[in-house]
Amino acid sequence: MPEYYLIIILIILALSFDFINGFHDTANAIATCVATRALNPKVAIIMSAVLNFVGAMVSTGVAKTIGGEIVTSPSMVDSVVLIAAIAAAIFWNLLTWKVGLPSSSSHALIGGICGAVIISYGIGAINGDGILTIVSGLVLSPVVAMFCGYIIMTLFYIILRNFSKGQVNNVAKRIQVLSAALMAFSHGSNDAQKSMGIITLALLSGGFIGALEVPVYVKVACALAMSAGTSVGGWNIIRTVGNKIFRMQPVNGLAADLNSAMTIFTATMLHLPVSTTHVVSGSIMGVGWATRFRAVHWSVAYQMVFAWILTIPCTAAVGAIVYLLLYHMGL
């Protein structure tokens with residue numbers, strides 16, 4: 001099959017991944033404000049879709065990290081490898097969305113790339129330093145989010161201790177609209193860039209662009225795909241993130257949103273891909289912990305950690321299998 005056909009297939013898959021990522025990760029931006037009834041669910045989804053688009057247009061640092069730090073040479077990541085990687089990530093996202101389990105699109109994509117690269121070029125093709133940097137960000141970000149969420153919620157309790165619970169929650173419910181908007185913006189600024197990096201890498205390997213710089217049309221296409229997916233809504237995961245981890249009041253949702261947005265946007269500025277799903281979940285756990293340790297449904301948290309641990313090896317295996325199937329098909 002001619003290379004440009006493979007690149008067209010790859011671009012379609014990458015935009016599909018962005019679309020799926022949008023509805024899979026809608027919960028990240030709006031679960032807290034829906035759970036606390038600060039926003040009507042439909043209004044929250046529309047707001048999230050618009051701000052996901054705006055956020056996706058801000059930076060390309062994460063895209064360059066995805067495109068250039070995983071393998072020792074971008075030339076090793078051909079179209080077939082990338083098709084296998086994205087297929088694995090899409091499979092995992094749809095599977096976890098179906099069962100309502102929050103999982104990481106970032107983990108899934110990186111696992112798929114690693115599996116396809118290793119089966120095609122060997123373990124030596126993997127850039128150990130780059131993978132260590134990326135995985136460190138993925139692993140540490142939810143832990144940091146949990147402890148920072150605990151600190152922020154504790155500070156809220158200290159600062160607001162002289163006000164009644166009703167007063168605090170009424171004000172927090174209004175402010176939470178802004179914090180949810182900030183969360184949606186930061187989500188778009190990090191997550192949409194993953195597909196940007198994949199498409200840019202494919203265009204570079206096919207000779208359509210001369211450097212690993214994200215073209216404007218790629219930024220717009222990925223931003224539109226993610227915002228369109230966000231507009232669909234991922235209700236199964238919204239219920240899990242918004243209600244099953246910790247029963248939130250508006251002040252808790254405000255603290256979780258602010259903490260998540262700061263954590264994700266900091267990672268974006270450092271050009272690090274993070275799992276927005278796990279950052280938000282970590283923030284909610286930390287906020288719940290500050291309220292009362294037993295208020296957090298830790299069994300749900302354990303299930304999420306289990307999915308977190310499984311994601312990269314499972315998607316690596318699927319990526320390797322898909323690559324072998326494509327290879328034997330003569331692609």
Side-chain angles (χ1 to χ4, degrees), residues 25 27-36 38 101-104 106-107 135-165 167-169 171-173 175-187 190 237-270 272 274-309:
D25 287 359
N28 299 334
I30 66 170
T32 53
C33 65
V34 170
T36 61
L101 182 63
S103 69
S104 168
S106 304
H107 285 66
V135 172
S136 295
L138 291 171
V139 171
L140 290 176
S141 55
V143 178
V144 170
M146 184 172 71
F147 282 101
C148 288
Y150 176 87
I151 293 168
I152 288 176
M153 193 67 246
T154 300
L155 289 174
F156 272 23
Y157 282 139
I158 293 171
I159 294 168
L160 302 172
R161 64 184 181 277
N162 293 326
F163 296 90
S164 71
K165 184 177 179 180
Q167 287 177 313
V168 169
N169 281 324
V171 174
K173 186 177 285 189
I175 300 175
Q176 199 183 353
V177 175
L178 296 177
S179 66
L182 183 62
M183 178 58 223
F185 175 84
S186 64
H187 172 248
N190 197 279
I237 296 174
I238 287 173
R239 282 189 287 270
T240 298
V241 174
N243 296 307
K244 292 184 179 179
I245 298 173
F246 166 63
R247 186 68 64 176
M248 288 180 289
Q249 298 294 321
V251 67
N252 305 127
L254 174 61
D257 281 346
L258 288 174
N259 183 59
S260 298
M262 287 190 296
T263 303
I264 293 167
F265 201 70
T266 299
T268 300
M269 292 299 98
L270 293 174
L272 290 174
V274 296
S275 167
T276 52
T277 303
H278 289 107
V279 168
V280 172
S281 301
S283 292
I284 293 172
M285 290 176 207
V287 166
W289 177 18
T291 302
R292 194 176 72 257
F293 186 81
R294 291 190 176 181
V296 179
H297 298 155
W298 294 104
S299 59
V300 176
Y302 296 150
Q303 291 174 11
M304 292 170 59
V305 171
F306 182 66
W308 182 32
I309 293 169

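Side chains are part of it too, since the values below use all heavy atoms of this structure and drop only hydrogens, waters and symmetry mates. What you see is a predicted model; the values in this text were computed from it and never measured.
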K.L.:
Taking ring pair (Phe, Tyr, Trp, His ring centres under 6.0 Å) as the definition, give me every residue that meets it alongside Tyr157, ordered by chain and number, with sequence neighbours left out.
P.N.:
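Ring pair (Phe, Tyr, Trp, His ring centres under 6.0 Å) list for Tyr157, sorted by chain: empty.
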
K.L.:
What I want to check is whether the side chains of Gln167 and Ser164 have a donor and an acceptor closer together than 3.5 Å.
P.N.:
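Present: a donor and an acceptor within the cut-off.
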
K.L.:
Any side-chain heavy atom of Val251 sitting closer than 4.5 Å to one from Leu160?
P.N.:
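Sidechains of Leu160 and Val251: in contact.
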
K.L.:
Give me the atom names and distance for the closest heavy-atom approach of Thr268 to Ser186.
P.N.:
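Result for this residue pair: OG1-O, 4.4 Å.
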
K.L.:
Do Met183 and Leu258 make a side-chain contact, defined as non-hydrogen atoms from C-beta onward lying under 4.5 Å apart?
P.N.:
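Side chain of Met183 against side chain of Leu258, heavy atoms only: no contact under 4.5 Å found.
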
K.L.:
The criterion is side chain to side chain contact (heavy atoms under 4.5 Å, CB included); which residues satisfy it with Val177, sequence neighbours excluded?
P.N.:
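Per chain and number, Val177 pairs via side chain to side chain contact (heavy atoms under 4.5 Å, CB included) with Leu39.
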
K.L.:
Report the distance from atom CE of Met269 to atom CD1 of Ile264, rounding to the nearest 0.5 Å.
P.N.:
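Reported value, rounded in 0.5 Å steps: 12.5 Å.
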
K.L.:
List for me each residue that meets side chain to side chain contact (heavy atoms under 4.5 Å, CB included) alongside Ile175, sequence neighbours excluded, and say none if there are none.
P.N.:
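With neighbours one apart ignored, the set is Val171, Leu254.
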
K.L.:
If you look at every heavy atom in Ile284 and Ala256, which pair is closest and at what distance?
P.N.:
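Shortest heavy-atom separation between Ile284 and Ala256 comes out as CG1-CB, 4.1 Å.
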
K.L.:
Identify the two heavy atoms, one from Ser141 and one from Thr263, that lie closest to each other, and give their separation to 0.1 Å.
P.N.:
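Closest pair (atom of Ser141, atom of Thr263, distance): O-CG2, 4.1 Å.
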
K.L.:
Grab the two heavy atoms, one from Gly288 and one from Val296, that are nearest each other, plus how far apart they are.
P.N.:
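Residues Gly288 and Val296, closest heavy atoms: C-CG2, 3.5 Å.
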
K.L.:
Test your reading of the model: is there a side-chain donor-acceptor pair from Ser281 to the backbone of His278, 3.5 Å cut-off?
P.N.:
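Side chain of Ser281 to backbone of His278: no pair is present.
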
K.L.:
Side-chain polar contacts of residues 143-155 - donor-acceptor pairs under 3.5 angstrom, sequence neighbours left out - could you list them?
P.N.:
| residue | atom | partner | partner atom | Å |
| --- | --- | --- | --- | --- |
| Thr154 | OG1 | Tyr150 | O | 2.7 |

K.L.:
What residues form a ring pair (Phe, Tyr, Trp, His ring centres under 6.0 Å) with Phe156, not counting sequence neighbours?
P.N.:
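None.
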
K.L.:
Would Asn252 and Thr291 count as a side chain to side chain contact (heavy atoms under 4.5 Å, CB included) if you check the C-alpha gap in whole Å, the side-chain angles of each, and the deciding distance to 0.1 Å?
P.N.:
CA-CA 9 Å; Asn252 305 127; Thr291 302; 3.6 Å; yes

